[in-house]
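Structure first, commentary second.
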Amino acid sequence: MKILVTGKQGQLGYALKELSENHSEWTWRFTDRSELNIMDSKNIQTVLKTFHPDWIINAAAYTDVDGAEDNEKLAFKVNADGPYYLAKAAQEIGAKLVHVSTDYVFDGTKKEPYTETDEPNPLQVYGKSKLRGEILIQQSGVQGFIIRTSWVYGHHGNNFVKTILHLAKEKDEIQVVDDQIGCPTYVNDLAETILETMKINKQYDLDVLHYSNIGSISWCQFAKYIVNKSFIDCKIIAIKTSDIDQLANRPKSSILKNIKFVNKVIPQKTLDYTENLNSIKPNYVLHGDDWRSGIQRIVRKNVIKVLKKWSGKLIEVPYTKNISYSKMKSKIIETGTTPEIRKSKLRRLVEAKNITRILETHNSLSGLIIEKLNIQQKDGFYEFDGMWSSSLTDSVSRGKPDNQSVDISTRLIGLNEILDVTTKPVIFDADNGGRIEHLSYTVKSLERAGVSAIVIEDKIGLKKNSLFDNQKDTKQDNIKSFCDKIKVINKSKISENFMAIARIESFILGKSLSDALKRANAYSKAGADAILIHSKEKTPKQIFTFAKKFSKSKYYKPMVAVPSTYSKTTEKQLIDHRFKIVIYANHMLRAAYPAMVNTATKILKNKKSYPAERNLTSIKKILNLIY
Ligand code: SPV
Ligand code: MG
C-alpha cells in the first residue's frame with residue numbers, strides 16, 4: 001500500500017511520520033508545500049502520477065482561528081479549494097482520501113455531544129472554510145473518510161499545551177477561558193486512529209467520522225492540568241470568553257461523540273465482567289491480550305467461564321508492543337530535569353497527595369530503584385514519590401558513624417551523583433543544621449543542587465543517631481535558638497518552593513507530649529513548612545496522640561512520620577492522622593547489608609562463588625535497570 005501525506009511539517013504530519021516507522025510494509029511519501037502544493041491542481045496531478053498512492057492523507061490545513069478572520073481568502077484556499085483539488089485528483093486515479101476536519105464546524109450550542117449527523121453551523125471563518133472543504137470533498141465523488149477532531153496537541157508544532165507550558169515558565173499567572181468546553185486530542189492517537197480506520201475502510205463512498213480523546217474539559221481546566229502535571233509554579237486564573245477580545249467567535253461546547261458504530265454503551269462498575277455478560281449474553285467479547293498475566297488474569301478466566309454457557313467467543317487483540325510505562329519513565333530520566341523543576345516537586349506533591357511516600361537513598365543505584373520502581377495493584381498504581389538523603393545511611397555506607405563525621409560537602413558529592421540519574425524530589429537530612437553561621441551556605445548549596453527540603457532536628461552537641469537507646473548525653477536545643485535556625489533557612493532560601501522541615505526530638509529524649517506540642521507550635525510560627533515528629537517507640541501511639549492535638553492547633557502544618565521502629569503502622573493510618581509525608585529512612589541500606597554479608601560468607605565458606613549465585617541477580621537485570 002502506498003500512502004501520500006500532505007502537511008508533513010504540521011502536528012499530524014509529524015505524528016504520522018513517527019508512526020510510519022512501525023509500518024515499513026507500506027510505502028510512504030511525506031510532502032510539504034514545496035513538494036506538493038494542494039492549492040495547485042496541476043502540481044497535485046504531477047505528484048500523483050509519479051507516486052500513484054492508494055491513500056492520500058491530507059494533514060495540511062490553515063488552523064489559525066483568529067488569523068482566518070483577516071485572511072479569509074487564504075483560509076478557504078487551503079481548507080476548501082486545496083482539499084477539493086486533492087479529492088478530485090485522488091478520485092481520478094482511484095486513490096482514497098483521508099481529510100481531517102474540525103469540531104469548529106459546529107456552533108457549540110448543543111447541550112449534548114455532537115454526532116456525525118448533527119447539522120454543522122460554524123461561527124467563524126475558520127469553521128466555515130473547513131465545512132466548505134468537507135462539502136466539496138463530498139461532491140468530488142472520492143472514497144475514503146473525513147475525520148473531525150478537536151483540540152489537537154502533540155510534541156511538534158504549535159498547540160495549546162506547548163503555549164501554556166511556555167507561558168507558565170515565563171509568567172506568575174495566566175488567564176484562561178473557563179466557558180469553552182471540548183475534548184483535547186493527542187495527535188499520536190489521532191494518527192493511529194486514521195491508520196486503523198484506513199485498514200478497515202471498505203466503504204465505496206465517503207464517510208464522515210468523529211474522533212477525539214474521551215473526556216471533556218474547559219480550556220482553563222486543561223491549562224491547570226498541564227501546569228500541575230509539569231510542576232510549574234504558575235497560577236491559572238479562570239476568565240470568561242466575554243472578558244477577552246478575540247477576532248473569531250468560538251463554540252461554547254464542542255464535544256464530539258465518536259461512537260458512530262456503537263449501538264449502546266453499558267457502564268461497568270466493577271473490574272469483573274460477569275454481571276454484564278450474563279445480562280447481554282454477547283456472541284463475542286473483544287479484549288486486548290494484555291490481561292493474560294497479572295491481576296487481570298482472574299478476570300479473563302471468569303469471562304471465558306461465563307461465555308462458555310452460551311458458546312460465546314473471546315477474541316483477544318494483540319496489545320500494542322513497545323509502549324511501556326517503564327520505557328516512558330526511562331525517557332524522562334534520559335531527558336533529565338532541572339534543579340528548579342525538581343525542587344518545586346515536593347511542595348506540589350504534599351499539596352496534591354494524601355501522603356507523599358519517600359524512601360532512603362544512599363547511592364545512585366538505590367536512587368534509580370526509587371526512580372523506576374512502580375507496581376500496579378488492584379486499587380491503583382503505586383510508586384515512591386521521592387528520596388530521603390539520610391545522614392545515617394550516608395555515613396554508614398562510607399563506613400563511618402552517624403555523628404556528622406561525614407561532612408555536608410562530602411554528602412553533597414554523593415547526592416549529586418544520585419541527582420544525575422534521577423528526577424524525583426529529595427528531602428535532605430541536615431542533622432541539626434550545623435552552626436547557624438553556616439546554615440545559609442548549606443541551604444544555598446542544597447537549592448543549587450535541586451533539593452526540595454531540608455530537615456533540621458532540635459538537638460545540640462555531638463550528634464548521636466536518634467534510634468540509639470542511650471540518649472543520655474544528648475541535649476535538646478532551646479526553642480528560641482532552634483526557631484532562629486528556621487528563620488535563617490527561610491531568609492537564605494532563593495525559591496519559595498524550598499521547604500524547611502523542623503524535626504522534633506522530644507519523644508526521643510523522653511520528654512513530654514506538651515513539650516513536643518509547644519515546640520511544634522513555635523517552630524511552625526517561626527516559619528517551618530512541615531513538622532517531623534520523631535519517635536523510637538514500637539507503636540505509633542505517641543505520634544498519633546501528638547498528631548491529634550497538633551492537627552487542631554492554629555499553627556498546624558503538614559506532619560512527617562518516620563516509621564522505622566513502629567514499622568507495622570500503615571500509610572492509611574498515617575493519612576487518617578493527617579500525616580502528609582512518610583519517610584522510610586534506612587531500608588535500602590539495611591536490605592543491602594545482610595545480602596552482601598551473606599554472599600561474602602558463602603564465598604568464603606565454599607572457596608568458590610557458585611553457592612552464592614542462587615541469591616544473586618544477573619548482570620543483565622542490573623544493567624537493564626541502568627539502561
Ligand atoms: C537518618 O536517616 O539519618 C535519620 C532518621 O535522621 S533516624 O535514623 O531515625 O534518626
Ligand atoms: Mg539523620
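We count ligands from 1, going down the list as the structure has it; atoms in each ligand are counted the same way. Computed from a prediction, not measured in an experiment: that's the story for all the values here. These numbers come from the heavy atoms of this one structure, side chains and all, not from hydrogens, waters or symmetry mates.
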Pair Glu537-Thr565, side-chain donor/acceptor within less than 3.5 Å: no
Heteroatom of Asp429 nearest to the Mg ion (ligand 2) (N, O or S, atom name): OD2
Cationic N near anionic O, under 4.0 Å, Lys444 to Glu447: no
Within the 4.0 Å heavy-atom sphere of ligand 1, strictly under, residues: Trp388, Ser390, Ser391, Leu392, Asp429, Asn465, Ser466, Leu467, Arg503, His534, Ala585
Enclosure of Lys353 NZ (heavy-atom neighbours >12, cutoff 6.0 Å): yes
Short N/O/S contact of Ser391 with the Mg ion (ligand 2) (below 2.8 Å): yes
Glu496 atom CD, over 12 foreign heavy atoms within 6.0 Å: no
Qualifying salt bridge (charged side-chain N to carboxylate O under 4.0 Å, His left out) pairs, either residue in residues 540-550, two or more places apart: none
Sequence-distant partners of Tyr556, ring-ring contact (aromatic ring centres under 6.0 Å, His included), two or more places apart: Phe550
Sequence neighbours excluded, every pair satisfying salt bridge (charged side-chain N to carboxylate O under 4.0 Å, His left out) that has a member inside residues 502-531: Arg347-Asp529, Glu457-Arg503, Asp458-Arg519, Lys459-Glu505, Arg503-Glu505, Asp515-Arg519
